[in-house]
Colleague: 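Pasting in a structure now, in structure tokens, and then I'll have a few things to ask.
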Amino acid sequence: MNKIITISREFGSGGREFGCRLAENLGIKYYDKEIISKIAAKADLSEGYVKEVVEKRPMPLFPMTIGATFAAVGVYYPLMVEESVYTAQTEVLQELAEQSDCVIVGRCADYILRSYNPFKIFIYADMPSRIKRCMERSTPEEKLTEKEMKKRITNVDESRAKYYDFYTGQKWGARQNYNVCINTTGMDIKKLAEAYSNMLK
């Protein structure tokens with residue numbers, strides 16, 4: 001069985017960077033945003049709609065099928081489409097897990113791939129450090145205040161938690177669901193990744 005490492009993370013905690021560096025240090029595949037493209041292709045849906053669904057913010061007026069017109073969207077039942085996205089997500093993650101050793105970020109991978117015995121990591125940090133990280137990485141066009149950024153972080157976390165809780169029946173972020181919970185507050189992500197990659201080799 002391949003070595004599978006799943007990364008769940010609070011928004012702004014550095015989980016994506018940690019996962020990417022971990023995969024690089026271990027010399028294994030890294031999967032994150034490209035999973036959306038694979039899910040969209042398998043479910044025959046647009047990437048934009050799939051992204052909205054997995055972030056638990058479906059948009060009924062968004063063109064759900066590739067190349068669909070707004071007029072054609074009404075024939076779909078949002079709940080059925082969301083279920084088809086989750087089914088495709090499950091199939092994509094299982095295919096990736098069977099192909100090679102890998103690090104997978106998000107997508108309920110820790111639960112979906114539980115039969116593959118993944119090493120499950122949850123990344124978190126205090127709110128001030130998350131706001132600071134997000135502010136540093138935001139684009140000039142966003143122009144969010146710290147208060148607005150905090151609200152965005154809270155909303156993203158709430159969406160992730162609702163999606164995870166709904167499909168897994170487990171509480172997102174609960175320590176008993178993970179092998180390791182890592183607090184990145186005030187920590188160097190690069191050094192953290194190096195330390196854990198040494199442990200996981």
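Since the model is a prediction, treat every value here as computed from it, not as a measurement. Excluded from the calculations below are hydrogen atoms, water molecules and symmetry mates; all remaining heavy atoms, backbone and side chain alike, are included.
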Colleague: Is there a donor-acceptor pair under 3.5 Å between the side chain of Asp157 and the backbone N or O of Phe11?
Modeller: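 Yes.
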Colleague: Check whether Asn177 reaches the backbone of Trp172 with its side chain - one donor and one acceptor, N or O, closer than 3.5 Å.
Modeller: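 Absent.
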Colleague: Can you tell me which residue among Arg133, Arg9, Lys190 is in a salt bridge (Lys or Arg N to Asp or Glu O under 4.0 Å) with Glu17?
Modeller: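 Testing each of Arg133, Arg9, Lys190 against Glu17, the sole residue satisfying salt bridge (Lys or Arg N to Asp or Glu O under 4.0 Å) is Arg133.
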Colleague: Quick one: OG1 on Thr154 to CE on Met149, what's the gap to the nearest 0.5 Å?
Modeller: 11.5 Å
Colleague: Would you call Lys33 and Arg16 a side-chain contact if the rule is heavy atoms closer than 4.5 Å?
Modeller: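 SC-SC contact between Lys33 and Arg16 confirmed.
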Colleague: Show me the side-chain donor-acceptor pairs of residues 93-104 shorter than 3.5 Å, one per line, residues at least two apart or across chains.
Modeller:
| from | atom 1 | to | atom 2 | distance (Å) |
| --- | --- | --- | --- | --- |
| Glu95 | OE2 | Lys42 | NZ | 3.0 |
| Glu98 | OE2 | Tyr116 | OH | 2.6 |
| Asp101 | OD1 | Lys3 | N | 2.8 |

Colleague: For Lys38, does the NZ atom have more than 12 heavy-atom neighbours from other residues, nucleotides or ligands under 6.0 Å away?
Modeller: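 Count not over threshold, so no.
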Colleague: Between Ile123 and Ile4, is there shared hydrophobic-cluster membership here, with clusters defined by ILVMFWY side-chain heavy atoms closer than 4.5 Å?
Modeller: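 Different hydrophobic clusters.
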Colleague: Does any non-hydrogen side-chain atom of Asn2 lie less than 4.5 Å from one of Ile28?
Modeller: no
Colleague: So do the side chains of Ile153 and Cys134 get within less than 4.5 Å of each other, counting heavy atoms only?
Modeller: yes
Colleague: Going by ring-ring contact (aromatic ring centres under 6.0 Å, His included), name the pairs with one or both residues in residues 83-104, residues two or more places apart or in two chains.
Modeller: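 Sorted pair list: Tyr86-Tyr167.
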Colleague: Are more than 12 heavy atoms from other residues, nucleotides or ligands located less than 6.0 Å from atom CD of Glu24?
Modeller: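 No, CD of Glu24 has 12 or fewer neighbouring heavy atoms, counting only those of other groups under 6.0 Å.
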Colleague: If hydrophobic clusters are built by linking Ile, Leu, Val, Met, Phe, Trp and Tyr wherever their side-chain heavy atoms come under 4.5 Å apart, do Ile35 and Ile121 end up in the same one?
Modeller: no
Colleague: Would you say Glu146's side chain and Ile131's backbone share a donor-acceptor pair under 3.5 angstrom?
Modeller: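 Between the backbone of Ile131 and the side chain of Glu146 there is no qualifying donor-acceptor contact (under 3.5 Å).
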Colleague: Leu45 and Ser84: which non-hydrogen atoms are nearest, and at how many Å?
Modeller: CD1-OG, 4.2 Å
Colleague: If only atom types and distance count, is the side chain of Glu10 paired as donor or acceptor with the main-chain N or O of Ala125 below 3.5 Å?
Modeller: yes
Colleague: Kindly compute the distance separating CD1 (Ile36) from OH (Tyr31), expressed to the nearest 0.5 Å.
Modeller: 15.0 Å
Colleague: Can you tell me how far OG1 of Thr87 sits from CD1 of Ile39, rounded to the nearest 0.5 angstrom?
Modeller: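 With rounding to 0.5 Å, CD1 (Ile39) is 11.0 Å from OG1 (Thr87).
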Colleague: Nearest 0.5 Å, what's the NZ-CD distance between Lys171 and Gln176?
Modeller: 9.5 Å
Colleague: To check you understand the geometry: which heavy-atom pair defines the closest contact between Ser8 and Asp110, and what is its length?
Modeller: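 Where Ser8 meets Asp110 most closely, the heavy atoms are OG-OD1, 3.8 Å.
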Colleague: With a sphere of 6.0 Å drawn around CZ of Arg114, does it hold more than 12 non-hydrogen atoms of other residues, nucleotides or ligands?
Modeller: yes
Colleague: Nearest 0.5 Å, please: how far is CG in Asn179 from CG in Asn117?
Modeller: 8.0 Å
Colleague: Flag yes if Val105 and Val156 sit in one hydrophobic cluster, no otherwise; membership is Ile, Leu, Val, Met, Phe, Trp, Tyr, and two members link when side-chain heavy atoms are under 4.5 Å apart.
Modeller: no
Colleague: If you take all heavy atoms of Leu26 and Ser197, which pair is closest and at what distance?
Modeller: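 Distance-wise, the nearest heavy atoms are CD2-O, 3.4 Å.
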Colleague: List in chain and number order the residues that pass ring-ring contact (aromatic ring centres under 6.0 Å, His included) with Tyr178, two or more places apart in sequence or in another chain; answer none if no residue qualifies.
Modeller: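 Tyr178: ring-ring contact (aromatic ring centres under 6.0 Å, His included) contacts with Phe122.
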Colleague: Looking at Tyr124, is its backbone amide N or carbonyl O close enough to the side chain of Thr184 to form a donor-acceptor pair, meaning the two atoms are under 3.5 Å apart?
Modeller: yes
Colleague: Can you find a pair of side-chain heavy atoms, one from Tyr30 and one from Arg21, that are under 4.5 Å apart?
Modeller: no
Colleague: Quick check: is Ile112 connected to Ile7 through a chain of hydrophobic side chains (ILVMFWY, heavy atoms under 4.5 Å apart)?
Modeller: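 The answer is no; the residues belong to distinct hydrophobic clusters.
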Colleague: Do Asp32 and Arg107 come close enough that some side-chain heavy atom pair is under 4.5 Å?
Modeller: yes
Colleague: Measuring only between side-chain heavy atoms, which start at C-beta, is Phe119 closer than 4.5 Å to Met199?
Modeller: yes
Colleague: What's the spacing between Arg137 CZ and Lys132 NZ if we round to 0.5 Å?
Modeller: 10.5 Å
Colleague: Using modelled atom types and a 3.5 Å cut-off, is there a donor and acceptor pairing between side-chain atoms of Thr185 and backbone atoms of Asp126?
Modeller: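 Checked: pair present.
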Colleague: If you define the side chain from C-beta out and look only at heavy atoms, does anything of Lys151 sit under 4.5 Å from Leu144?
Modeller: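 When only atoms from C-beta onward are counted, Leu144 and Lys151 do not touch, as no gap falls below 4.5 Å.
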Colleague: Hydrophobic clusters here meaning ILVMFWY residues chained together by side-chain heavy-atom distances under 4.5 Å, can you tell me if Tyr49 and Phe166 are in one?
Modeller: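 In one cluster: yes.
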Colleague: Show the nearest heavy-atom pair for residues Cys108 and Gln89, with the distance to one decimal.
Modeller: CB-NE2, 4.2 Å
